[in-house]
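This report refers to the structure that appears directly beneath it.
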Amino acid sequence: KVYALTCGGNVANMLAKAGIQSEVLGMRLPINIPKMARLVFRLRKDKPHILHTFFFDANFAGAIARCFCDVPVFIVSRRNMDVWKKRRHIAAERFAAKRADVVAVNSAAVKDFAAKQEGISPSCIEVIYNGVEPSDADEAPGTGTLRADGKTVLVTVAAMIERKGHHILLEALDKIN
């Protein structure tokens, strides 16, 4: 199941067509108690094994929710150095990181920045680079079994909002297939 904090957009429609449930919680910072309670209720009801959040708002909301839910694994993700953050934002990121089992970042620079700015042990930060090398994909377990028709498979993880340009990716995928 996919929960979106603010909006579902076109991706929510695509998820529905694929049979994947999604729900928009309507949360924006500052987080208010009724909407936070709604997230906690949903997590207690669904009992996920993994709670994986992306970016500042979701990382902070997820960290608060984990304090009230028994979620075995909590992963926060960062994709930017976010030099705009004020002390309160850094404190919120530190709060989230301390409650996470791992902080996933997309570059060594973001890892170093988060470790230094928030005092996170580098051993708690995992770098997962964006994309894969084509040679790595050729050797990956299960390669060739995802699509019997030989067509390219695309996976993207991003906010379910129109400005992310998911429609462009789908049009491009259609052209290369």
Side-chain angles (χ1 to χ4, degrees), residues 1-107 109-130 155-164 166:
K1 186 165 190 173
V2 176
Y3 291 119
L5 292 186
T6 57
C7 63
N10 292 336
V11 177
N13 297 331
M14 288 185 255
L15 289 170
K17 288 179 184 174
I20 299 169
Q21 293 180 347
S22 67
E23 181 178 345
V24 176
L25 299 175
M27 294 176 69
R28 292 195 185 274
L29 284 183
I31 294 172
N32 65 53
I33 292 173
K35 290 184 180 178
M36 194 67 230
R38 183 175 175 194
L39 175 60
V40 169
F41 174 77
R42 295 293 191 274
L43 293 173
R44 284 181 175 174
K45 180 180 171 230
D46 292 336
K47 297 180 176 37
H49 294 96
I50 301 169
L51 174 59
H52 187 186
T53 59
F54 285 86
F55 300 121
F56 178 77
D57 294 355
N59 291 342
F60 187 58
I64 293 171
R66 192 182 197 198
C67 293
F68 299 99
C69 301
D70 185 23
V71 178
V73 178
F74 177 41
I75 303 168
V76 300
S77 293
R78 309 239 180 89
R79 298 293 178 259
N80 305 300
M81 290 192 270
D82 292 331
V83 296
W84 58 267
K85 291 179 185 167
K86 294 179 171 41
R87 285 185 190 173
R88 67 180 182 269
H89 300 108
I90 295 167
E93 290 281 28
R94 187 177 295 123
F95 175 83
K98 288 185 184 281
R99 278 143 191 85
D101 295 291
V102 67
V103 176
V105 299
N106 63 339
S107 71
V110 174
K111 176 179 180 172
D112 294 344
F113 186 83
K116 182 178 177 185
Q117 184 184 51
E118 297 157 35
I120 304 167
S121 170
S123 65
C124 297
I125 305 172
E126 186 70 32
V127 178
I128 304 171
Y129 294 100
N130 293 330
V155 175
T156 184
V157 179
M160 298 186 297
I161 52 178
E162 192 168 343
R163 73 172 187 256
K164 294 292 183 176
H166 298 287

Quiz item: Phe113 pairs by side-chain contact (heavy atoms from CB on, under 4.5 Å) with which of Asn80, Asp82, Val83, Val105?
Solution: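 So the option named by the test is Val83.
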
Practice problem: Could you point out which residue of Leu51, Asp101, Asn59, Val102 forms a side-chain contact (heavy atoms from CB on, under 4.5 Å) with Ile75? | Solution: Val102

Roughly how far, to the nearest 0.5 Å, is [atom2] of [Y] from [atom1] of [X]?
X: Gln117; Y: Met81; atom1: CD; atom2: CE; value: 10.5 Å
X: Ile128; Y: Ser77; atom1: CD1; atom2: OG; value: 7.0 Å
X: Phe95; Y: Glu118; atom1: CZ; atom2: CD; value: 13.5 Å
X: Lys98; Y: Ser121; atom1: NZ; atom2: OG; value: 10.0 Å

[X] to [Y] - nearest heavy-atom pair and separation:
X: Ala61; Y: Leu39; answer: O-CD2, 4.0 Å
X: Ala63; Y: Ala96; answer: CB-CA, 3.5 Å
X: Ala65; Y: Leu43; answer: CB-CD1, 3.7 Å

Quiz item: Checking side-chain contact (heavy atoms from CB on, under 4.5 Å) for the pair Glu23/Leu25: CA distance, chi angles, key distance, verdict?
Solution: CA-CA 6 Å; Glu23 181 178 345; Leu25 299 175; 3.8 Å; yes

So do the side chains of [X] and [Y] get within less than 4.5 Å of each other, counting heavy atoms only?
X: Lys1; Y: Asp46; answer: yes
X: His89; Y: Phe60; answer: no
X: Ile64; Y: Cys67; answer: no
X: Tyr129; Y: Val127; answer: yes

Quiz prompt | Donor-acceptor contact below 3.5 Å, side chain Arg38 vs main chain Pro34 | solution = no

Practice problem: Would you verify whether the NZ or CZ of Arg66 falls within 45 degrees of the ring axis of Phe68 while also being under 6.0 Å from that six-membered ring's centre? | Solution: no

Self-check item: Lys17 atom NZ: more than 12 heavy-atom contacts under 6.0 Å
Solution: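 No, because the 6.0 Å sphere around NZ of Lys17 holds 12 heavy atoms or fewer from other groups.
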
Practice problem: Taking side chain to side chain donor-acceptor pair (under 3.5 Å) as the test, write out the residues that go with Asn106, two or more places apart. | Solution: none

Exercise. Dump the intermediate steps for side-chain contact (heavy atoms from CB on, under 4.5 Å) on Val40 and Arg44, then the final yes or no.
Key: CA-CA 6 Å; Val40 169; Arg44 284 181 175 174; 3.8 Å; yes

Practice problem: Run the numbers on Arg94 and Ile120 for side-chain contact (heavy atoms from CB on, under 4.5 Å), then give the verdict. | Solution: CA-CA 7 Å; Arg94 187 177 295 123; Ile120 304 167; 5.9 Å; no

Quiz prompt | Charged N-O contact under 4.0 Å between Arg78 and Glu93 | solution = yes

Quiz item: Should the pair His52 and Phe54 be assigned to parallel (<30°), tilted (30 to 60°) or perpendicular (>60°) ring geometry?
Solution: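 Plane angle between 30° and 60°, so tilted.
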
Quiz item: Given the rule in the side-chain contact (heavy atoms from CB on, under 4.5 Å) test, do Phe74 and Thr53 qualify, once you have shown the distances and angles that lead to the verdict?
Solution: CA-CA 8 Å; Phe74 177 41; Thr53 59; 3.7 Å; yes

